[in-house]
Amino acid sequence: MSVRVQQQDFDIGAELAALSDGDTGIGGVCCFTGLVRDLHPQAGEAAGTVRALTLEHYPGMTERQLEAIETEARTRWPLSASLIIHRFGRMEPGERIVLVACASAHREAAFDACRFIMDWLKTKAPFWKLEETDRSGERWVAARESDENAAGRWV
Amino acid sequence: MSVRVQQQDFDIGAELAALSDGDTGIGGVCCFTGLVRDLHPQAGEAAGTVRALTLEHYPGMTERQLEAIETEARTRWPLSASLIIHRFGRMEPGERIVLVACASAHREAAFDACRFIMDWLKTKAPFWKLEETDRSGERWVAARESDENAAGRWV
Amino acid sequence: MLKLLYFAWLRTKIGMAEERVPLPAGVTDVAGLIEWLRGRGAGYADALANLDVVKVAVNQEYVPFSHPVTAGDEVALFPPVTGG
Amino acid sequence: MLKLLYFAWLRTKIGMAEERVPLPAGVTDVAGLIEWLRGRGAGYADALANLDVVKVAVNQEYVPFSHPVTAGDEVALFPPVTGG
């Protein structure tokens with residue numbers, strides 16, 4: 001069980017190996033990686049118009065919220081191991097922003113817990129995205145109703 | 001879009017990097033890795049009793065089935081890229097058996113498609129597991145009703 | 001000729017992975033082929049005793065027992081799959 | 001004293017990330033604090049004009065506008081989150 005909030009990139013292969021190494025009761029690992037996209041469909045920007053994102057966060061509260069989300073996931077599903085890494089700072093399209101990985105004896109639990117963590121993280125973890133776009137300059141990304149709906153599914 | 005059936009292990013980090021590199025329209029990648037467990041709960045074996053698995057498959061039909069499953073997933077969800085790697089041969093607890101990865105602009109599509117492929121693969125791809133256990137010697141693993149139910153959810 | 005393939009415990013019970021046989025007289029579908037195979041020996045009869053746990057592919061596609069079998073076909077018999 | 005934190009566009013509209021202020025007279029909850037902040041200048045009033053898009057954390061936990069505010073609290077105001 002581990003939460004990391006960091007500026008630097010991460011190595012998915014190494015993280016997943018560390019997550020499951022030595023625990024031969026694990027049957028499956030579900031892992032989600034979020035990447036910086038070069039477009040922001042909600043705002044009507046065409047592909048290629050987002051030059052970079054800057055992720056701002058609330059040091060202290062971010063870690064507490066991510067730990068609470070991970071704890072909730074481990075209450076709901078029988079996980080052998082879990083990991084949340086979320087980056088902050090400036091990133092360009094194609095860069096990794098977030099990694100969530102859940103290991104369990106059962107694939108259903110691994111899939112459900114990973115998706116639950118991503119859904120809750122999207123609506124509860126105090127991060128904010130500032131986009132640099134060709135057309136509009138800098139713009140704070142607005143929260144999406146679809147993320148609220150996805151998070152509400154787990155209540 | 002890619003399907004590989006192979007004896008050798010795979011490098012998750014390298015595979016995921018190759019999947020998304022150069023496509024900055026990808027917002028998320030969902031990836032599932034199946035590992036050899038050292039126990040088989042259905043058969044009442046205690047932890048540590050499975051020494052190894054041997055995966056037998058039907059060369060030719062396996063690739064056709066995996067390609068058909070991947071094609072079906074890409075019909076149902078807007079995927080930017082997808083990958084299925086399934087190993088055959090003898091593997092010990094902790095070794096990787098299968099990798100499914102789906103990349104999309106949207107995390108919902110990536111999660112759904114990855115889970116769909118795993119569920120269908122479990123019931124349609126012609127692989128069979130032979131377990132070596134401490135208590136019972138060699139035994140062919142029986143199909144699980146829960147896998148049939150999981151696959152049926154997507155009809 | 002038919003190309004017959006057996007996998008997993010059907011293979012071990014029958015005692016071989018693959019054989020080639022002429023299309024048996026009177027056999028027109030998978031059900032008929034299985035009935036004919038059951039008469040070839042105890043291993044076949046044992047392997048094909050419970051068709052609830054036997055799946056069939058003709059030319060590498062899943063088919064029901066009512067599917068036709070014709071000369072040149074590749075017919076595979078195997079248990080429900082357990083990969084992943 | 002109160003420690004006040006502003007994030008994202010609340011920070012840019014208010015023009016600072018953090019400030020320390022004495023607990024204002026008569027302020028007992030978040031709603032009262034926001035009302036008081038609105039009177040401190042155009043940047044504050046603009047940032048806090050639409051409370052539908054303002055979230056509050058007191059001592060790093062999400063709270064409703066009715067939550068009490070007492071001396072020593074860390075109060076953060078920010079827009080709905082957009083990480084992940």
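- Ranked by heavy-atom pairs under 4.5 Å with chain A, the first of B/G28, B/G34, B/G27, B/G13 is B/G27.
- Ranked by non-hydrogen atom pairs under 4.5 Å with chain A, the options B/A150, B/S20, B/C114 are led by B/C114.
- The OG atom of A/S104 sits 11.0 Å away from the CG atom of B/L35 when rounded to the nearest 0.5 Å.
- Interface residue A/V36: only backbone heavy atoms are found under 4.5 Å from chain B.
- Neither the backbone nor the side chain of A/D23 comes within less than 4.5 Å of any heavy atom of chain B.
- Contacts between B/I26 and chain A at a heavy-atom distance below 4.5 Å involve backbone atoms as well as side-chain atoms.
- Interface summary for chain B: among A/A103, A/A105, A/A17, A/A110, the most heavy-atom pairs under 4.5 angstrom belong to A/A105.
- Taking the side chain as every heavy atom from C-beta outward, B/C30 and A/C30 approach each other to under 4.5 Å.
- Note: A/I12 CD1 to B/I12 CD1 = 9.5 Å, rounded to the nearest 0.5 Å.
- Remark: aromatic rings of B/F111 and A/F32 are close, center separation under 6.0 Å.
- With respect to A/R144 and B/E108, no salt bridge is recorded, no charged nitrogen being found less than 4.0 Å from a carboxylate O.
- The contact between B/D119 and chain A is made by backbone and side chain atoms together, counting heavy-atom distances below 4.5 Å.
- Ranked by heavy-atom pairs shorter than 4.5 Å toward chain B, the options A/R107, A/R96, A/E95, A/E92 are led by A/R107.
- Counting non-hydrogen atoms of neighbouring residues, nucleotides and ligands closer than 6.0 angstrom, the CD atom of B/E145 reaches no more than 12 such neighbours.
- Contact between A/G94 and B/T24 at its shortest, heavy atoms only, is N-CG2, 3.9 Å.
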